[in-house]
Every structure is written in structure tokens, then in C-alpha cells.
2 protein chains.
Amino acid sequence: MNTTSTYTVILETGYRLFAEHGFEKTSMAMIAKEVGISKPALYYHFLSKEAIIDVLFEEICKDIGFASFFNVQDYSKDNFEEKLIFDGLSIISKQKEDDNYSRIMNQYQALGYRNPKYSRKLLDSLDGFTVGFVELLRHGASIGAMADKDTLIKAQMLTMIIDSMDNFMSYGFEYGYEDIWTKAVKAIVLEDAVK
Amino acid sequence: MNTTSTYTVILETGYRLFAEHGFEKTSMAMIAKEVGISKPALYYHFLSKEAIIDVLFEEICKDIGFASFFNVQDYSKDNFEEKLIFDGLSIISKQKEDDNYSRIMNQYQALGYRNPKYSRKLLDSLDGFTVGFVELLRHGASIGAMADKDTLIKAQMLTMIIDSMDNFMSYGFEYGYEDIWTKAVKAIVLEDAVK
DNA sequence: GTCTATAGAGCGATAGAC
DNA sequence: GTCTATCGCTCTATAGAC
């Protein structure tokens, strides 16, 4: 695929400008100017502004699946806790590389409040994490790495913490993310020594 | 104070319309029409659209302090864990009463990405929660209700979970919030039996 | 404090030529 | 596939009367 086609340049430019100024304050004229073409040329490639926003959304959603970060089959009794911590931290690392990501997602979340077309995919993505964590924790229980208890609640908790870390990081909040994730995982894996 | 003055009606109407349609898609004409006055009358009360948004932000920020939900002096050794769970759940309850709240905050977050005027207060608010939790956990340690260890990390974790629950709830995610919060608190209070 | 009327700018999108 | 020119609309904000 030609990754320097006008089509692709438009998408990359749109991603950057949308993140920087927001969907509404980024006009088609701004995108066209930044790409170096005229407005009608932009409309030749995309039927509307919404079309650009939607195609970008599709592309982003492809990359944020649970399976991109966690591979259940690699988890053994010996490395379970350690690997769960490591894979979670890899999400944090990826996040640090792209400042624009959270800004864009914040806007798709806003769109989702008013249009189920966007909320459905966001919910699916988060649900994928929860389902993935459930599977992972069940696997952990089956190999004796942790207790088989409250798996759904634990999975939901991990999902929320992952999502929240993204959020806080994008806002420049200087939290001890590595320590928080580590503590959360340890609390969940080691749980049930008490109560 | 006259709570049915035009000024107040404008703020209440703005809050509702901004939550429903977003800042950008809510025009001054829409607000004026909904309030039942003309556009210039609206401009008599507020110098600009941004002024309405800013005054609303001030009002909202007043209500979301840590101290509104947690009172450190009420926590004793006997009720510590139970009360921490209860007060956290009271935030969830409040959240459930106002669908508009998270939608509005999502937008102030978006504004904060591009204007420190908004991000500063949001960061202060979250920081207030972290500082409050640190104080609360230190108090818990001093009265022997929990271990005096990793207090900052624990406080940050609780802050993130509270914030994330708000977020997920507003999106209609049917999570076991009560159970998640309860488990998080227990994990933090009971921690250090191991490691 | 509220109105009618309007200025002035920017927007998404298109016509039609090349 | 790209251009110049422009349409039609909506927006924030104001002038000036009452």
C-alpha cells in the first residue's frame, strides 16, 4: 500500500489537527492548507468532514484491542504476576509515545455521548479488555497462579485502572503509574490471604 | 439570593444544553430561545458564550471537592474500612443522580487539553482527592486501622478508581461498581500481609 | 432588561474548468 | 486529481430603540 498517497497524508494530518484543535475547530480549509491541496481536492478524497473522522476512528480502533498487549498463552505459573505487570506497563509506554491519542479519544467519547455509532465501538473496546482480563485471570487460576474468586470484579478493576492511567497520563498528571499498576496486580493476584 | 433570576435560569439552561449538545453545537440563540429571551438579552447578562462556560465551570468546581465526601475526623479504628467504602459509594450515588455531569466534565477536559485555564482547576480537583486520601490513609495508619506503607501510591490508586468509576458510569457501562470499590478499599487496607 | 435588525466572519459543501 | 470561485447557511456579537 502506498503510505504517502494524498489519502493517507490527509488522514495523518487530520489526526494531528483534530488532536490539537478538536473536531469542531478544525475546518476542512485548515486540513487542506496543511496537506497542501485545495478544499475541493480534499472533498474528492473524502465525502465529508465526518467521513474523515469516521475513517480515523476505524483505524484507531484496530490498534487498541486487548490482544495487542496481552497474550494469554504466554502466561505460566512462574511468570504470571510478573508478565501481567510487564504487559500492563507496555500500554503505559505506548501511551507516552503519542500525546495525541488521548486527546482524540476524549473527543470520540464526547461524540459517543450523543451518537451510538461512536459509543458502541468504545464500549466494545473496553468490554474486550474486561473479557480478556477475565480469560487471563481464569487461566491464572487454572494453572494455580492465583485464586479463582471474584474474577469478573477483578477484571473490571484492571480495565478501569488501565483506562484511567491513560487518562491521567494524557493530562500530565505525574503519578507513580508503574507502582500503581504493580500494586493493583499484586493485590489481585495475592488476594484472599485474608477475609 | 434570588435563584429564579434570569441570570440563574441562563446558567441552568446552559448546563443542560451544553451537556446535551456540547459547547460548540449549543449556540447562544438556542440558549436564548430555551430561556425565553432574545439573544441580546442573553448578552446583557453574559459578555460572551465563553463567559457562561467559565461561570458554569466555577460553580461545578465548588461542588466536587474531596471534603464534600470524606470527613477525616469521623474515621475511627473500628469504622475505618467500612466508612471509607461507604463514603466512596456516596460519590457513585451522587453520580447516578446527574447524567449531565460527566458529559459536561468530558468537555471541560477537552478544553483543558488546549487551555490551561481549564486544566489547572481539573488538576487541582484531582490533586485534592489524592491529598485528601493521603491524609485519610495516614490517619488510618496512626490509629492502627492499616499499615503505614506506600501511602501516596495507594491514594493515587483510589483517586484513579473514583475518577474512572464516574467515567464508566456515565457511559452506561454496567460494572459492579460497589464491588469494585469495596474490593479496592479492602485490598488497600488489608495489604502487606504478604510481600 | 429586553427588544428588532443586522453586521461580519467562517463554515461545509459544490459547480464547473482543466 | 486538482483548481478558482462561490453558494447558502449558521455563528458570535453589536447597534440602537424602548
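A, B, ... follow the sequence lines: proteins, then strands. Residue 1 opens every chain.
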Please report, rounded to the nearest Å, how far the [atom2] atom of [N] is from the [atom1] atom of [X].
{"X": "A:Lys49", "N": "D:dT10", "atom1": "NZ", "atom2": "C1'", "answer": "13 Å"}
{"X": "B:His45", "N": "C:dT2", "atom1": "NE2", "atom2": "C1'", "answer": "8 Å"}
{"X": "A:Lys25", "N": "D:dC11", "atom1": "NZ", "atom2": "P", "answer": "14 Å"}
{"X": "B:Leu42", "N": "D:dC11", "atom1": "CG", "atom2": "P", "answer": "14 Å"}
{"X": "A:Met28", "N": "D:dA5", "atom1": "CE", "atom2": "P", "answer": "21 Å"}
{"X": "A:Phe23", "N": "C:dG10", "atom1": "CZ", "atom2": "P", "answer": "23 Å"}
{"X": "B:Glu24", "N": "C:dG10", "atom1": "CD", "atom2": "C1'", "answer": "13 Å"}
{"X": "A:Tyr43", "N": "C:dC11", "atom1": "OH", "atom2": "P", "answer": "11 Å"}

* Are any side-chain N or O atoms of B:Trp181 and backbone N or O atoms of B:Ile161, one a donor and one an acceptor, separated by less than 3.5 Å? ->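 It does not hold such a pair.
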* Donor-acceptor pair, A:Lys183 side chain versus B:Ile188 backbone, under 3.5 Å? ->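 No, because the side chain of A:Lys183 does not come within donor-acceptor range (under 3.5 Å) of the backbone of B:Ile188.
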* Let me know, please, whether A:Met30 or A:Leu47 comes out on the 5' side of the other along DNA chain C by nearest nucleotide. =>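 Its nearest nucleotide lies further toward 5', so the answer is A:Met30.
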From the list [options], which nucleotide is the closest neighbour of the side chain of [X]?
{"X": "A:Ser48", "options": "D:dA13, C:dA13, D:dT2", "value": "C:dA13"}
{"X": "A:Pro40", "options": "D:dT12, D:dC3, C:dC3", "value": "D:dC3"}
{"X": "B:Ala41", "options": "C:dT2, D:dT12, C:dG12", "value": "C:dT2"}
{"X": "A:Lys39", "options": "D:dT6, C:dA5, D:dA13", "value": "D:dT6"}

* Asked: So, B:Asn79 and B:Ser76: side-chain donor and acceptor under 3.5 Å apart, yes or no?
  ->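 Note: B:Asn79 and B:Ser76 side chains meet the donor-acceptor criterion.
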If you compare every side-chain N and O of [X] against the phosphate oxygens of [N] (OP1, OP2), does one of them come in below 4.0 Å?
{"X": "A:Tyr44", "N": "D:dT2", "answer": "no"}
{"X": "A:Ser38", "N": "D:dG1", "answer": "no"}
{"X": "A:Ser27", "N": "C:dC11", "answer": "yes"}

* Asked: Are more than 12 heavy atoms from other residues, nucleotides or ligands located less than 6.0 Å from atom NZ of A:Lys117?
  -> yes
* Audit row: A:Lys83, A:Asp87, salt bridge (Lys or Arg N to Asp or Glu O under 4.0 Å) steps and yes/no -> CA-CA 6 Å; A:Lys83 191 151 175 49; A:Asp87 286 349; 3.6 Å; yes
